[in-house]
Amino acid sequence: MGNTYLALDLGAGSGRAIAGYFKDGHIHTDEIVRFENRPVKLNNTVYWDFLSLFDHIKRGISMAVKKGYDLRGIAVDAWGVDFGLLDRHGNLLSNPVTYRDSRTVGMGAEAVKSVSKEEMYRLSGIQQMEINTLFQLLSLVKQDAPVLGMADKLLFTPDLINYFLTGEATNEYTIASTSQLLNAQTKEWDESLFRRLGLPFLMGKVIYPGTTIGGLTSEVAEETGALHAKVYAVGSHDTASAIAAIPAEGDDWAFLSSGTWSLLGVLTENPVLTDDAFRNDFTNEGGVDDKVLFMRNMTGLWLLQCLIAEWEKEEDQKQLYEVLLSEATKAVPFRSVVDSDHSVFTNPPSMSTAIRAYCETTGQSVPQSKGEYVRCVLESLALKYSAVMKKLEQCSGKSIKKLYIVGGGSQNALLNQMIADALNMEVVVGLTEATAIGSIMQQAIADEYVKDWKAGHKIIRNSFEFVTYKPERHDQWISQRHKIYKM
């Protein structure tokens, strides 16, 4: 099959290789392989197993070729902030450390000794979170880590994979923007932040979505059989590619990327760097097609994912998602609400224990059944989205009429209806694999197979079935939002 592009879409829990090809004005996708991406704890540090991850990447390319796809393009996207370090010979110095490692604890307080939070926001436009690259680098400086003395280049996860695929070391714009080290207005590295925080400058040239990085190295091409494929820079931050795929029209819509993390926001032409945006923890991350993603990062379905993993381990059997949602539907509404971003939920030994303790501390009913735990998590998320949407409209100056949800969470019909009710607006779903679709379309545009994003969005609209959830019981959600968020 010709005119095929391969999206290598990496999440913090799993990765997938998805082939996309064009026929009769439609885009068709084929999941080639899905694989686990598992962090590994060694001593007191939590690493990504990069060697295994890269082996899966090559296997995905090879499997696509063996399936008969003539790959014109390959592109990688991944989660933000994490990175690997190369020495001057191009060797990987160690497995990358995960953002959930504890090494950055307290680094926010260290950073503000040199640069205030307000100024960091004015320069980078990024919501301050201690998982950000800035704080990961600062923690290495404070530890006087020997690896820094050997390092020559810093490459974010998709950049690192692209390097070992092509031999070209670059920093793609959308993933670079998650670091809190890129200037929001110039879209280049803010060297004043490196200097004032005492960080080594290990960054490369910033490239933008649509750039051709290069062909596969002879070794990788021979190993995978993808002899003629080009590697493209897309929105290599997975959120950027996912939002680029949304075929919305007009300017009265918002997006929610629903997965382990929740990202609620709007597209803007320029960063929003106001005091109001800073106070309300909004971030300005790089988008595709010269757009900015003005949004709030929140912990999303992480709590539910941890609960399911905990129950599976305790009972030694798979927990069926549809059964859990059915039990949640039968549970009494609004018995307990938690703040998913509270530190107790970051990486607790037991998520059910953490939720139980939070409810006890805040004087709420403690969930007893699985259905009650699931309903607690889902209602808490919908209420939070409702509160953040009010602030989003206030800070962006936009009046939002419709919400597009993308990502794995968009398959959760119960949560989708809760969101429609809580926000009192239409919720549209239909792009479960939005990141891969955005990546494939960007490759086709870069390859001049598709004219531009306007043409691309028309193809996407014609290719997928979209479902709309309409609000039904908004009044009870308003009272709950007033009760919890005083707004």
Side-chain angles (χ1 to χ4, degrees), residues 7 9 27 29 77 174 234-235 237-269 282-283 285-289 291-298 300-301 378 381-382 384-393 395-442 453-472 474:
D9 176 25
I27 182 173
T29 60
D77 68 78
T174 67
V234 293
H237 184 210
D238 50 13
T239 305
S241 275
I243 304 312
I246 296 174
E249 298 178 292
D251 196 39
D252 62 350
W253 60 279
F255 61 80
L256 173 65
S257 178
S258 179
T260 302
W261 290 90
S262 292
L263 301 105
L264 178 63
V266 294
L267 291 179
T268 60
E269 300 295 326
F282 283 100
T283 199
E285 292 184 2
V288 171
D289 201 24
K291 296 293 191 295
V292 173
L293 308 181
F294 179 66
M295 60 189 180
R296 170 85 74 85
N297 284 312
M298 299 167 279
L301 289 165
L378 299 186
L381 288 177
K384 185 152 195 171
Y385 301 153
S386 176
V388 171
M389 179 63 80
K390 292 295 180 185
K391 296 295 185 180
L392 177 63
E393 290 184 312
C395 293
S396 68
K398 294 189 177 187
S399 177
I400 308 300
K401 306 298 183 187
K402 187 179 292 187
L403 179 69
Y404 284 82
I405 303 182
V406 297
S410 66
Q411 299 177 88
N412 189 323
L414 177 58
L415 178 58
N416 293 339
Q417 187 60 57
M418 287 180 174
I419 295 170
D421 295 345
L423 273 61
N424 197 30
M425 67 175 62
E426 289 186 351
V427 166
V428 182
V429 302
L431 293 178
T432 304
E433 295 289 357
T435 300
I437 294 162
S439 169
I440 291 162
M441 188 60 72
Q442 178 69 82
W453 273 104
K454 182 177 180 181
H457 284 147
K458 182 178 179 181
I459 293 170
I460 292 171
R461 274 194 295 273
N462 292 338
S463 302
F464 298 94
E465 182 178 348
F466 292 87
V467 176
T468 299
Y469 293 80
K470 296 182 181 294
E472 296 174 353
H474 183 54

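- In this structure, CD in Glu249 is found 9.0 Å from NZ in Lys454, a value given to the nearest 0.5 Å.
- Put simply, CG on Leu392 and CZ on Phe255 are 8.0 Å apart, with the number rounded to the nearest 0.5 Å.
- Shown here for Phe282 and Val388, the closest heavy-atom pair between the two residues is CZ-O, 3.9 Å.
- Between the side chain of His457 and the backbone N or O of Ala248 there is no donor-acceptor pair closer than 3.5 Å.
- By the side chain to side chain donor-acceptor pair (under 3.5 Å) test, Ser463 is found to be paired with no residue, residues two or more places apart in sequence or in another chain being considered.
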Test side-chain contact (heavy atoms from CB on, under 4.5 Å) applied to Leu263 and Leu293, step by step: CA-CA 10 Å; Leu263 301 105; Leu293 308 181; over 6 Å; no
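- With Thr468 contributing its side chain and Val428 its backbone, the two residues share no donor-acceptor pair below 3.5 Å.
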Evaluation steps, side-chain contact (heavy atoms from CB on, under 4.5 Å), between Phe464 and Ile437: CA-CA 11 Å; Phe464 298 94; Ile437 294 162; 3.4 Å; yes
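- Checked by atom type and distance alone, the side chain of Asn416 pairs as donor or acceptor with a backbone atom of Ser410 at under 3.5 Å.
- Without hydrogens or angle criteria, Asp421 side chain to Glu472 main chain gives a donor-acceptor distance under 3.5 Å.
- When the shell of 6.0 Å around NZ of Lys402 is examined, it contains 12 or fewer heavy atoms from other residues, nucleotides or ligands.
- Taken to the nearest 0.5 Å, the CG atom of Asn412 stands 8.5 Å off from the CE atom of Met418.
- Taking a cutoff of 4.0 Å between a charged side-chain nitrogen and a carboxylate oxygen, Glu426 and Lys470 qualify as a salt bridge.
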